[in-house]
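Below you'll find the structure, written out as structure tokens, and then a few comments.
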Amino acid sequence: MSNNEYFITVNEVMEMLHVKEGQAYKMMRQCNEELKAKGFLIVRGRVPRAYFLERVGVSEVAT
């Protein structure tokens with residue numbers, strides 16, 4: 001699995017959820033804060049795709 005498949009980006013969040021850039025970053029920051037509180041290392045501007053999809057209640061994204 002490539003890095004691009006593992007992490008979701010702000011552009012993908014914007015497209016998937018039809019939100020503006022600021023809202024997408026806000027959602028990603030919240031996910032990263034949750035992961036950090038659980039003891040995980042985080043990457044700013046990136047969130048593990050599986051975790052993000054779980055948090056927004058999406059089981060699968062059609063490509």
Side-chain angles (χ1 to χ4, degrees):
M1 177 179 282
S2 75
N3 196 27
N4 290 338
E5 294 172 1
Y6 183 75
F7 287 105
I8 195 164
T9 65
V10 70
N11 290 330
E12 291 176 285
V13 172
M14 289 168 54
E15 184 178 326
M16 181 190 335
L17 301 177
H18 303 286
V19 296
K20 293 184 179 181
E21 185 176 21
Q23 180 65 30
Y25 273 119
K26 182 178 178 181
M27 295 172 80
M28 293 176 73
R29 269 193 305 273
Q30 181 179 346
C31 287
N32 274 336
E33 288 171 9
E34 293 169 2
L35 289 168
K36 190 174 181 179
K38 292 178 182 183
F40 290 95
L41 298 175
I42 61 164
V43 179
R44 284 183 65 185
R46 301 278 190 275
V47 175
R49 184 177 304 278
Y51 184 78
F52 185 83
L53 295 176
E54 177 186 318
R55 289 293 289 127
V56 296
V58 176
S59 60
E60 217 174 280
V61 175
T63 55

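Residue numbers run from 1 in the order of the sequence given. Fair warning: this is a prediction, and the values are worked out from it, not measured in the lab.
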Handout entry: Closest non-hydrogen atom pair, C31 against V47
Key = CB-CG1, 3.9 Å
Problem - E34: salt bridge (Lys or Arg N to Asp or Glu O under 4.0 Å) partners, not counting sequence neighbours - result: R55
Exercise for the section: Kindly write out the residues that satisfy side chain to side chain contact (heavy atoms under 4.5 Å, CB included) with V56, not counting sequence neighbours, or none if the list is empty. Expected result: L17, M27, F52, V58
Handout entry: Partners passing side-chain hydrogen bond (donor to acceptor under 3.5 Å, both in side chains) against E15 (at least two apart in sequence or in another chain)
Key = none
Problem - Non-hydrogen side-chain atoms of R46 and V10 separated by less than 4.5 Å - result: no
Practice task
Could you pull out all residues at least two apart from K26 that satisfy side chain to side chain contact (heavy atoms under 4.5 Å, CB included)?
Solution key: Q23, R29
Completion exercise
In short, side-chain hydrogen bond (donor to acceptor under 3.5 Å, both in side chains) pairs touching residues 35-44 with sequence neighbours left out are none
Handout entry: Under the side chain to side chain contact (heavy atoms under 4.5 Å, CB included) test, residues paired with L35 that sit two or more places apart
Key = N32, F40, I42, P48, Y51
Practice task
Please check if the side chain of R49 supplies one atom and the backbone of Y6 the other of a donor-acceptor pair under 3.5 Å.
Solution key: no
Handout entry: side chain to side chain contact (heavy atoms under 4.5 Å, CB included) partners of K20, counting only residues at least two apart
Key = none
